[in-house]
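Notes follow the structure.
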Amino acid sequence: MLTSGAADQLAALIARAARAPAGLVHFVEGERLRIYGGYGLAVRWEDVADTQLKDTLAGLLIETGEPLVIGNLATDPRVPPGSPIRAHGMTGAYLGYPVRDDTGTIVGICCALDTEPHEWTDNDVAAVAEAAHVSTLLITEQIARLEIDRQRRFLDAVVDSLHDGVTACDADGNIVLVNARMQKLWGGAQVPGGLDDEAAIAGLTDADGNPIRRDDIGLFRALRGERLRDEELVLQGRGRRTRYYLVDAQPILGPDGRTVGAVQAVQDVTRRRRAERFRTCELAVVTALAAARTVEAAGPRVLEAVVRTLGWTHAELWLVDEPAGVIRSAASWHSPSWQADIDVPEELPFGTGLPGRAWQAGKPLWIRDVGRPQSLISPETAASSKLHTALAIPVRNGLEPLGVLVAFADTIEDPEDELVALMSGISAQIAQFIDRRVVEDLTLQLTRSKNEYLALVGHELRTPLTSIAAYTELLRDADADTLIKDGPRLLEVIDRNSTQLRHIINELLELSALDTGHASVQLTPVNLAEVVRESVQGTRDAVADEPVTLVDDLPAELVLPGDRKRLRQVLDNLLGNAVKYSPDGGRIKVTLRTVGRTAELAVSDTGIGVSQEEREKMFTGLYRTSRARDRAIPGSGLGLTLSRAVVERHHGTIELTDHEGPGTTVLVRLPLDAR
């Protein structure tokens, strides 16, 4: 509590006042006694600086709470046996007086020591008592200072932990307090020293965009006695995005009621304002899409909402034409105040330009400055448009690319997750709109072909239904002997036709789900060689007793993006057809290889074959080759139709190709790269 210099001086004063050669100032720390100040000690300081309280005269003094006066240490029985006095063979006299804090608790000892027996007078006792009183005053003052320092530290910690920026000034407008949050709000710029500093109002405007004057500063108004609540403030410039704040300010009053300073709290509400603008933007996008028949018609209103919300300059919407391998411009919009030329090409190849690269990458692309080399924008376009930051967001339905949404700013902006999230949400709404329109168009097409389709379905369903009805009638009219004799055979026919009917219905439902998008195809990395190998082995086990030979030529591994379950369904269909249409036995061969960036799967058989003119009809649904009908080979005619639907959802093709000799070859091509 006392500095060592002050404690030593006090010990010297004690010795002189008590007419003794030595003086000491002790402080109690728990169960130990420590020397903080000393004068004229006859022993080494380290031998007596830190001792157990119970082994000292100070312990006795603290126990009684009274001054301790000993004229002869050698003969006085009150000296503890383990005290330093006994340990070092000290003789002489001792006069000790307790030092108390402001609560009366003994916190230390002031004592005078003599190396010879000494008859202490009342004046000696009074002198040591006065020294103890001085120690009390010094300790009380130091404790008060420590408490003030502790409270200040607590206050500083509380103020620095606030989410609001806090600034305080004195009555003359000099800044006396700035918390950590306020330092951060200034963005590393030097905090002004007073309200007269031009930096205090640089770039500040009110909610209406009017520049802030010195008299409008919150602290200055508070010094005039005003109390501000939720005053809007806008900070622009300084090479960063516009920030929005709410300001509270009030005067600081002294004991006499006069203003001695002012304090203000600044809350950054930029995120809140941006969230409000984002909600408005999303509502505008939803409204635009709801009122439009096509995405091209809704595009300009959607892009206008994006540009106005971001505070950027220009936006574009591109749609993917995957068969042509290009991405086409569907809409564009730029701020009416923008005068520079912005050249938007009609289309871009896959991987070319910012839209083409975003289509290729399948993820958001943030270009900090399109004017720099390797920015994906041509130097001529960047120079003429005077644009800088660009953000491109793919528009996708699951993993299927539909388009790209692009926005440009006329300033250089660092990446912001919130802006990417907003644009991703808008792109998702556009994707849903496109998908919904595709479904509606498919519905119209299905409606137009409904009669033809129902006629085909009715034809295929009528045969098993007729058999079921006929054999059911036979069972109903049969007598007991006939039921016993022919009942099992009749039930077997009914069961076989029921199974065929159920199979046709299941395949029709599966085909319908794939055509309308209700059956999902999840493209993930799949080892197609392994899938083919499993299907071949399953078929080989199933035809173990049949006169059919099944061989394969497969690589160890061939990975591509695909839906493992759906691809296995296609393989089982193709192998099942190969076995079914080889009723007299034969050889079935399965090969898998890569050609460029495409996987080619071929399933060949030496069965009854398909004529040239019937090959494409095999994929139209419910069509069966005349040779299969002539031989009464069972089937629904839906297997190849269902297989084509699955393959096309994998962006591949399937066809019947030329075949040497009797039989059929089905060739499936699947891309090795995700699209």
Side-chain angles (χ1 to χ4, degrees), residues 499-500 503 507 510 526-558 560 562-595 598-619 623-647 650 652-670:
T499 301
Q500 181 182 358
H503 179 70
E507 288 193 327
E510 185 77 6
V526 175
N527 184 357
L528 183 59
E530 181 181 349
V531 176
V532 175
R533 194 172 290 108
E534 291 175 356
S535 181
V536 168
Q537 186 59 46
T539 303
R540 187 176 285 127
D541 294 341
V543 300
D545 298 330
E546 301 292 332
V548 176
T549 302
L550 182 57
V551 297
D552 60 74
D553 181 10
L554 308 175
E557 182 179 76
L558 198 160
L560 50 72
D563 187 315
R564 184 184 184 90
K565 177 182 177 182
R566 296 293 184 187
L567 292 175
R568 175 64 185 270
Q569 183 181 16
V570 170
L571 286 161
D572 290 346
N573 267 333
L574 298 183
L575 288 172
N577 283 343
V579 172
K580 184 189 306 181
Y581 295 114
S582 301
D584 301 327
R587 185 174 185 269
I588 299 173
K589 183 177 181 180
V590 181
T591 61
L592 178 64
R593 62 175 184 166
T594 59
V595 179
T598 303
E600 288 192 355
L601 170 69
V603 178
S604 303
D605 64 63
T606 57
I608 62 176
V610 179
S611 64
Q612 182 74 32
E613 61 274 11
E614 288 184 308
R615 288 181 181 177
E616 186 59 29
K617 295 180 181 179
M618 296 293 292
F619 297 98
Y623 182 85
R624 304 187 64 231
T625 176
S626 57
R627 298 175 185 178
R629 294 194 300 270
D630 293 342
R631 294 200 178 197
I633 297 175
S636 63
L638 289 171
L640 287 178
T641 306
L642 191 59
S643 296
R644 170 171 281 185
V646 172
V647 170
H650 284 74
T653 60
I654 181 172
E655 60 180 332
L656 297 179
T657 63
D658 293 335
H659 183 85
E660 293 185 6
T664 304
T665 294
V666 182
L667 181 62
V668 178
R669 294 186 179 93
L670 296 171

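Note: hydrogens, waters and symmetry copies are ignored here, and every other heavy atom, side chains too, is used.
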Closest heavy-atom contact between [X] and [Y]?
X: Val647; Y: Arg669; result: CG1-O, 4.3 Å
X: Val536; Y: Leu550; result: O-CD2, 3.4 Å
X: Gly586; Y: Thr606; result: CA-OG1, 3.3 Å
X: Asn527; Y: Glu557; result: OD1-CA, 3.5 Å
X: Ala529; Y: Pro555; result: CB-O, 3.4 Å
X: Leu560; Y: Ala599; result: CD2-CB, 3.7 Å

Nearest 0.5 Å, please: how far is [atom2] in [Y] from [atom1] in [X]?
X: Leu528; Y: Arg568; atom1: CG; atom2: CZ; answer: 12.0 Å
X: Leu592; Y: Thr594; atom1: CG; atom2: OG1; answer: 8.5 Å
X: Arg593; Y: Leu558; atom1: CZ; atom2: CG; answer: 12.0 Å

* Asked: Between Thr539 and Ser535, is there a donor-acceptor pair closer than 3.5 Å when you use the side chain of the first and the backbone of the second?
  -> yes
* Asked: Sub-3.5 Å donor-acceptor pair from the side chain of Asp605 to the main-chain atoms of Ile588, do we have one?
  -> no
* Min side-chain heavy-atom separation Arg540-Asp552 under 4.5 Å -> yes
* **Those residues that, when tested against Asp553, pass side chain to side chain donor-acceptor pair (under 3.5 Å) (two or more places apart)** => none
* To do: Run the numbers on Asn573 and Val646 for side chain to side chain contact (heavy atoms under 4.5 Å, CB included), then give the verdict.
  => CA-CA 11 Å; Asn573 267 333; Val646 172; over 6 Å; no
* Step-by-step side chain to side chain contact (heavy atoms under 4.5 Å, CB included) determination, Leu670 to Leu601 -> CA-CA 8 Å; Leu670 296 171; Leu601 170 69; over 6 Å; no
* **Option passing side chain to side chain contact (heavy atoms under 4.5 Å, CB included) with Val668 (candidates Thr653, Leu574, Leu567, Leu571)** => Leu574
